[in-house]
There are 2 protein chains.
Amino acid sequence: MARQKEFNQDIVLGKAIECFWQRGFSATSMKHLEAATALTPGSIYNSFGSKDGLFLACLDHYNETVIGARVKQYLLPAEAQYLNAPLAGIEAFIETAFDPGPAELCLGCLMVNSSVELGPHEESVRLRSKTAMKKVVKGMQYALGQAQAIGQLGNDIDCRQRAQSLLLLFNGMLVQWRGSPDKKWLKHAMHSVKDLLH
Amino acid sequence: MARQKEFNQDIVLGKAIECFWQRGFSATSMKHLEAATALTPGSIYNSFGSKDGLFLACLDHYNETVIGARVKQYLLPAEAQYLNAPLAGIEAFIETAFDPGPAELCLGCLMVNSSVELGPHEESVRLRSKTAMKKVVKGMQYALGQAQAIGQLGNDIDCRQRAQSLLLLFNGMLVQWRGSPDKKWLKHAMHSVKDLLH
DNA sequence: ACTATTCTAGAATGATCACTCTAAAATAGC
DNA sequence: GCTATTTTAGAGTGATCATTCTAGAATAGT
């Protein structure tokens with residue numbers, strides 16, 4: 001009915017996610033976001049309403065494109081590579097989270113970082129975090145179930161409980177990584193992960 | 001040689017810690033800190049140099065009075081209560097971290113929170129976080145060793161490795177808590193902890 | 001009591017914050 | 001091509017940011 005937007009929303013959200021991911025919500029200014037997205041204030045506020053609105057849109061987009069995609073790739077049956085090796089899929093899901101991002105920064109997980117930064121004060125963030133964590137647990141639970149089905153994991157194990165333990169361990173690793181760029185600890189940590197896959 | 005300070009530094013640091021603990025570094029303003037400490041800008045800058053300086057002083061104070069004290073209370077041999085039950089000490093060390101703070105806020109651990117918020121950009125924070133984490137691991141390692149000595153833990157277990165796994169799990173729980181005020185998950189999580197104490 | 005030094009109170013600083021406003025540019029329906 | 005509507009560019013908004021400044025109050029050594 002009128003003029004059309006000049007930018008692609010997904011690309012813009014991707015760029016904004018990079019900003020929030022590196023610096024967190026509070027330390028990211030509108031100037032940063034304008035520079036990263038190459039948008040003017042008017043366009044941002046016209047599309048997202050506020051810095052908060054853009055941030056929540058980022059969390060939703062991250063939840064779909066990063067977390068959702070990774071769960072599908074490594075944990076759910078879509079990927080042929082891990083069809084007969086679901087435990088290897090879980091390992092890969094965790095280990096690949098520790099590839100350094102741009103500028104050699106330890107990004108960790110935007111959802112975890114945001115939950116730590118804003119969780120106690122922002123219901124909206126808590127909600128999205130909970131959704132994301134649930135998705136990961138479900139994925140791991142599924143993979144563990146598959147492992148049981150093909151005899152790679154004992155049938156005495158409670159997959160849901162074990163998946164939750166894995167998530168806690170994984171989140172702990174993400175935290176550890178933000179504070180330790182060197183990955184010497186990662187090898188030991190992956191050993192802890194493997195202990196939970198027997 | 002001249003006028004003496006009117007405030008007690010430890011009390012002031014305690015109040016400032018509360019601020020940073022609740023809101024994180026970036027979201028805490030000098031106004032917040034002035035109100036909480038009942039100090040004027042001049043006094044704060046005279047004693048701590050900058051907001052950053054005050055923050056680092058808080059991390060050091062927290063490391064001594066909170067983390068150090070808790071390690072000593074629950075993990076090291078000082079406390080008679082856990083002398084013959086080192087594993088119970090580890091459990092208590094972890095479980096008591098999830099008592100809600102003032103205003104029913106999920107505080108978690110200031111060191112973990114700060115590491116997530118600022119770790120990738122602030123060497124000074126990373127350094128202090130690493131020191132604190134090491135202290136906790138050493139404490140847990142000691143308690144695990146004691147458990148082995150009195151036959152409550154198998155001698156085949158690598159205490160250092162196990163302590164690191166416990167720390168990761170613990171950090172994961174602290175993260176989880178910031179995003180979930182309800183503690184239904186805590187019971188399951190403590191179950192995961194106990195799995196690592198056998 | 002005097003002096004040198006430090007601390008405190010609180011107003012004032014420029015910078016930056018998230019956000020808004022205005023006018024021009026673009027397009028869909030007529 | 002005209003009109004109605006939306007998006008864009010970019011200057012401008014008051015508020016708040018961390019920090020500094022200035023003047024006065026307090027105290028230790030002389």
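Given the structure is predicted, the values throughout are model-derived calculations rather than measurements. Lettering follows sequence order; numbering is per chain, from 1.
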Quiz item: Does a distance-only test, which skips hydrogens and angles, find a donor-acceptor pair under 3.5 Å between the side chain of A/Arg3 and the base of D/dT7?
Solution: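 Under the 3.5 Å cut-off, the side chain and the base do form a donor-acceptor pair.
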Quiz item: More 5' along DNA chain C: A/His32 or A/Gly42, using each one's nearest nucleotide?
Solution: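 Final value for this comparison: A/His32.
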Practice problem: Specify the residue among B/Gln4 and A/Met30 whose closest nucleotide of DNA chain C lies further upstream toward the 5′ end. | Solution: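 Taking each residue's closest nucleotide, the earlier one in sequence belongs to B/Gln4.
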Students often get this wrong, so: under 4.0 angstrom with heavy atoms, is [X] touching a base, only sugar-phosphate, or nothing?
X	result
A/Thr28	sugar-phosphate
A/Phe7	sugar-phosphate
A/Ser50	sugar-phosphate

Self-check item: Ring centre gap for B/Phe20 and B/Tyr62 strictly below 6.0 Å
Solution: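 Between B/Phe20 and B/Tyr62, the centre distance exceeds or equals 6.0 Å.
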Quiz item: Phosphate oxygens OP1/OP2 of D/dT8: is one of them under 4.0 Å from a side-chain N or O of A/Ser43?
Solution: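 Yes, because at least one side-chain N or O of A/Ser43 sits under 4.0 Å from OP1 or OP2 of D/dT8.
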Exercise. State whether A/Ser29 places a side-chain N or O below 4.0 Å from either non-bridging phosphate oxygen (OP1 or OP2) of C/dC17.
Key: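 Yes, such a contact exists.
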Exercise. Could you check how far OH of A/Tyr45 sits from P of C/dT22, rounded to whole Å?
Key: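 Atom OH in A/Tyr45 sits about 17 Å away from atom P in C/dT22.
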Quiz prompt | Between C/dC21 (P) and A/Asn46 (CG): distance, integer Å | solution =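 Whole-Å distance recorded here is 14 Å.
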Quiz item: Without hydrogens or angle criteria, can the side chains of A/Thr96 and A/Arg70 be said to hold a donor-acceptor pair below 3.5 Å?
Solution: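 Yes, side-chain donor-acceptor contact under 3.5 Å.
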Exercise. Could you pull out the closest heavy-atom pair between B/Gln148 and B/Asp156, with the gap in Å?
Key: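 Taking every non-hydrogen atom into account, NE2-N, 4.4 Å.
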Self-check item: Minimum-distance nucleotide to B/Glu34 side chain [options: C/dC19, D/dG10, D/dT19]
Solution: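 In terms of side-chain proximity for B/Glu34, the closest of C/dC19, D/dG10, D/dT19 is D/dT19.
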Quiz item: Mapping B/Lys31 and B/Glu6 onto DNA chain D by nearest heavy atom, which one lands closer to the 5' end?
Solution: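 Nearest-nucleotide comparison on DNA chain D picks B/Lys31.
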Exercise. Could you tell me whether A/His121 atom NE2 has more than 12 heavy atoms of other residues or ligands within 6.0 Å of it?
Key: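 Yes, NE2 of A/His121 has more than 12 neighbouring heavy atoms, counting only those of other groups under 6.0 Å.
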